[in-house]
Amino acid sequence: MTITHARCLANIRLITFDLFDTLYKPTQPISRTYTQPLWDHGLDIAEETIALSFTKSFKRTHSEYPNYGKNQNLTSPQWWNLVIQRTWTSAGVDLQSHPLLEQVIPKVIQHFSTGCGYMMFPEVPKVLKHIRRKGIKIGVISNMDDSAEEILKHLGIREYFDFVLKSITVEIEKPDQRIFEMALAAANIPAYDALHVGDSVVYDFEPARKCGMEALIVSRNDKDEVSLDPHYIDSLERITEMI
């Protein structure tokens with residue numbers, strides 16, 4: 001995908017980041033974490049089967065209960081409990097025949113609710129420190145539940161952010177550009193002086209650009225896009241060369 005040329009970022013006064021797959025990633029594939037309890041209970045189910053089932057179950061649950069069920073009176077743990085149950089059952093697991101699996105679900109949820117389940121990309125601390133030294137404000141815009149704060153604290157980088165906008169708190173999810181406008185208001189910075197960095201064209205790049213911000217897409221695995229389009233970067237460290 002080719003996008004119009006990026007403008008100069010020398011005068012940027014606010015940089016906002018997505019979280020998942022932008023600043024950090026799971027310590028192991030989500031499918032492995034969801035499959036391991038099944039193996040522990042003697043079930044012979046392929047990790048690839050769980051991976052496909054998780055994708056379908058996540059999309060279905062998000063479609064029925066957007067934003068972690070915030071407006072349907074679900075808590076985040078209840079929402080994730082439903083995702084996990086649906087992932088397992090649609091992969092052929094009979095939970096009634098394996099009642100002990102129900103007791104494992106809270107542990108799986110807890111794993112992803114703290115920094116224990118995630119690892120930062122190696123350049124992140126250096127990049128955040130550089131941005132701070134430049135006097136640029138830093139924020140988060142993420143479709144996350146309340147665990148976002150705990151994860152950032154556990155990873156030791158919460159102190160770098162002036163604000164963290166979580167969809168579950170502001171009740172607006174990306175790609176709705178209003179959450180980007182909220183970030184601009186929180187920082188009191190006009191859109192033309194702001195940059196958003198994420199890993200998705202649909203959820204990060206397009207809505208940021210619609211509200212007047214500059215935007216970059218971090219694409220660590222697609223070297224062709226990075227080489228062809230100035231809006232793609234293969235590491236967050238590239239930002240330090242642009243601002």
Side-chain angles (χ1 to χ4, degrees), residues 16-35 37 50-91 93 95 101-120 139-155 157-158 161 163-183 185-186 196-204 206-208:
T16 58
F17 290 93
D18 172 52
L19 291 179
F20 192 86
D21 278 345
T22 298
L23 297 183
Y24 56 73
K25 64 179 180 178
T27 53
Q28 66 178 7
I30 293 173
S31 56
R32 178 71 51 80
T33 304
Y34 277 43
T35 307
I50 293 297
L52 292 172
S53 182
F54 169 75
T55 299
K56 294 177 182 178
S57 299
F58 183 93
K59 289 180 178 178
R60 175 188 170 193
T61 306
H62 180 266
S63 176
E64 295 175 4
Y65 306 100
N67 205 8
Y68 306 98
K70 173 76 172 183
N71 293 325
Q72 288 108 327
N73 296 318
L74 287 180
T75 64
S76 294
Q78 288 172 333
W79 193 90
W80 283 111
N81 188 299
L82 183 58
V83 171
I84 295 169
Q85 287 195 22
R86 285 176 166 178
T87 297
W88 287 347
T89 56
S90 65
V93 177
L95 291 177
L101 283 174
E102 297 273 0
Q103 301 175 19
V104 178
I105 292 177
K107 297 179 181 178
V108 175
I109 295 172
Q110 181 64 21
H111 176 75
F112 288 114
S113 296
T114 68
C116 296
Y118 302 96
M119 59 185 294
M120 278 188 297
V140 166
I141 303 175
S142 179
N143 288 350
M144 279 287 290
D145 58 20
D146 289 324
S147 65
E149 295 274 359
E150 185 62 32
I151 293 169
L152 291 173
K153 290 177 183 177
H154 185 95
L155 295 175
I157 57 174
R158 176 61 182 88
F161 297 98
F163 58 87
V164 175
L165 289 186
K166 308 180 296 288
S167 61
I168 196 170
T169 301
V170 301
E171 300 186 8
I172 297 173
E173 288 186 294
K174 297 184 299 182
D176 191 323
Q177 71 184 62
R178 289 179 296 168
I179 195 170
F180 293 85
E181 293 166 352
M182 287 180 176
H196 179 69
V197 184
D199 68 306
S200 169
V201 172
V202 173
Y203 289 94
D204 295 301
E206 291 178 347

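This one's a predicted model, so the numbers in the text were calculated from it and none came from an experiment.
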So do [Y] and [X] actually touch side chain to side chain, heavy atoms under 4.5 Å?
| X | Y | result |
| --- | --- | --- |
| Pro37 | Val108 | yes |
| Met144 | Ile151 | yes |
| Glu173 | Pro66 | yes |

Say you draw a straight line from [atom1] of [X] to [atom2] of [Y]; how long is it, rounded to the nearest 0.5 Å?
| X | Y | atom1 | atom2 | result |
| --- | --- | --- | --- | --- |
| Ile84 | Ile105 | CD1 | CD1 | 5.5 Å |
| Leu155 | Thr114 | CG | OG1 | 9.0 Å |
| Lys59 | Arg86 | NZ | CZ | 15.0 Å |
| Leu95 | Trp88 | CG | CH2 | 7.0 Å |
| Thr33 | Lys107 | OG1 | NZ | 14.5 Å |
| Ser76 | Asp146 | OG | CG | 5.5 Å |

Give me the atom names and distance for the closest heavy-atom approach of [X] to [Y].
| X | Y | result |
| --- | --- | --- |
| Ile141 | Thr16 | CD1-OG1, 3.6 Å |
| Asp176 | Phe180 | O-CD1, 3.9 Å |
| Gln78 | Asn73 | OE1-O, 3.9 Å |
| Ile109 | Asn81 | CD1-N, 3.7 Å |
| Glu64 | Gln72 | O-NE2, 3.0 Å |
| Ser57 | Ser90 | OG-OG, 3.7 Å |

When you measure from the side chain of [X] to the backbone N and O of [Y], does any donor-acceptor pair fall under 3.5 Å?
| X | Y | result |
| --- | --- | --- |
| Tyr24 | Leu19 | no |
| Thr55 | Ala51 | yes |
| Arg158 | Phe161 | yes |
| Asn67 | Ser167 | yes |
| Asp204 | Asp199 | yes |

Check whether more than 12 heavy atoms from other residues, nucleotides or ligands sit under 6.0 Å from atom OH of Tyr203, and answer yes or no.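 Open: at most 12 neighbouring heavy atoms sit under 6.0 Å from OH of Tyr203.
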Side chain to side chain contact (heavy atoms under 4.5 Å, CB included) evaluation trace for Val201 with Glu206: CA-CA 6 Å; Val201 172; Glu206 291 178 347; 3.6 Å; yes
Go through the steps for Val83 and Thr87 under the test side chain to side chain contact (heavy atoms under 4.5 Å, CB included), then give the verdict. CA-CA 6 Å; Val83 171; Thr87 297; 4.1 Å; yes
With sequence neighbours excluded, residues passing ring-ring contact (aromatic ring centres under 6.0 Å, His included) with Phe58: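 Result, ring-ring contact (aromatic ring centres under 6.0 Å, His included) vs Phe58: Phe54, Trp79, Trp80.
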